[in-house]
Asks: 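Sharing a structure below in structure tokens format, with a few things to ask.
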Amino acid sequence: MVTGTGHRSHGGRPSRLSSAAWLYVAVVVVSVLAVLGQALGADPDLDGPVSQAWTMLVLALLFLICDSAPTTLASRQSAWSPSSSATLAAVVLLGPVGALVVGATSLVSVRRGLDLTQRLFNASMYGLSAYAAGEAYLALGGHVGRPVYQSFPGIIGPFAVAAVVHVFINHGLLWGMLMLVPAAEPGQPASALQRHLPMLLASDLGYATLGLLIAALWSVGGAFAAVLVLVPLFVARWAIGQFAAQERAYAATMAALCQAVETKDCYTRGHSERVSRGSAMIAREVGMRSGRVEAIRYAGMLHDVGKLGVPTTVLQKSGALTEEEYAAIQLHPMRGLAIVREIGFLDEALAGIMHHHERIDGHGYPMGLAGDEIPEFARVIAVADAFDAMTSNRSYRGARSVEEAIADLRKWSGTQFDPALVDAFVAALRREGWEQPPSAAVPPADDGVAAQDHDDPTAPLRVVESW
Ligand SMILES: [Fe+2]
């Protein structure tokens, strides 16, 4: 239970806000002002909060200390701080209006790079989250004031619901904002935040319990409770920051390796990214849990990293291959495994990289595995890999249409591909669509360029006959 709670705050650039985003900010700000106005109208003297001015001041300071030192998340468009421990403690000690005021102090947060619009949005978002949490706490019979021994365990239910309300309104309002703000970094996968949302929600809910701990400690230690909890709060902040930094390091590692492969084999530009996307579509369609979907995303990105170990002349050769050259290409899954096997976070992705050219009928390489002997990741990547090869321009032909490629996947379903995964991919394609790479000038097919591609089942590699 000794965990913190978190906020994520908006950090996009206001100069790029669309009119819809401006309207959204205005609605959030007006909403918090309306809530405050209504509360003042109902209790013009604000007896409760004002009589607790010292408590409010200390909690506001605690909130500001946390809010002024957020840690940037993987998407860089949002940041996390454990500041909602202070607002949730205020829910218990001060009630909804006091919690709103504590949250709204984000307006004067000591954070560089925030302009007035961002400050207004963050303050309103925090104020609304805290107020709604306070109302939920009261509605469920929560008592405002310092908890005493007898308050437990009765206080736990109302507080838990208040924490859930707080976290979901915070995330919901921020989510709405991020939907209206363009990605801060070109090339940054827009789904990064989406992918980590369940983890962030779970950790926020876990850390939320620290708010109750602050309130309970207040009964014995007064304002000193706030000082005591600063240490675990900042440990929580550090841990989330480490996770985000690790995520960014993973992404950079992937990008560097993919860039290396595509530099060596330039006609497959963007292929890794698309195979990654297609593999994830199949994985979601067959119901893989989010951790495996993430792993298969990595596997798709890196499936051809072993091409780094194949001579460039062989990769780019347009004529038929010698036995040795053919063997060199067939070695690329093993070389890929050798290159990335020490990267700890890849786990199951390694099997996908090593076996992505196995065939269901056992005629693939490097091991000649058949059916269920082939790791599921490899069977998934094989489908997405072939599909992207067929729907991309190649030196010997133009891109085939999605429907033609689906027909070819079905044609080799059961011999080269796992039929269940082909069905899953087709279902996902029908629902989500597919963005083919942009067309490029394609040379005529009869100019002497051999039609061969180790990824394209319609153009298998050709080997010089030897005697
Ligand atoms: Fe490959």
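All values reported here derive from a predicted model rather than from experimental measurement. Order of listing sets the numbers, starting from 1, for every ligand and every atom in it.
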Asks: What protein N/O/S atoms are there under 2.8 Å from the Fe ion (ligand 1), waters excluded?
Replies: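 Per the 2.8 Å query on the Fe ion (ligand 1), atoms found are D304 OD1, H332 NE2, H356 NE2, H357 NE2, H454 NE2.
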Asks: Donor-acceptor pairs under 3.5 Å, side chain of residues 413-421 to any protein atom, not counting sequence neighbours: which ones?
Replies:
| unit_1 | atom_1 | unit_2 | atom_2 | d |
| --- | --- | --- | --- | --- |
| T415 | OG1 | W412 | O | 3.1 |
| Q416 | OE1 | R359 | NH1 | 3.4 |
| D418 | OD1 | A420 | N | 3.0 |
| D418 | OD2 | R379 | NH1 | 2.7 |

Asks: Which residues satisfy the ring-ring contact (aromatic ring centres under 6.0 Å, His included) test with Y131, sequence neighbours excluded?
Replies: none
Asks: Test your reading of the model: is there a side-chain donor-acceptor pair from S276 to the backbone of S272, 3.5 Å cut-off?
Replies: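 No; judged by distance alone, with no hydrogens or angles, the pair does not exist.
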Asks: Residues in ring-ring contact (aromatic ring centres under 6.0 Å, His included) with H355, at least two apart?
Replies: none
Asks: Can any side-chain N or O of E358 pair as donor or acceptor with the backbone N or O of M367 at less than 3.5 Å?
Replies: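 Yes, E358 side chain to M367 backbone: donor-acceptor pair under 3.5 Å.
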Asks: Determine the minimum heavy-atom distance between I353 and L337, stating which atoms define it.
Replies: CG2-N, 4.2 Å
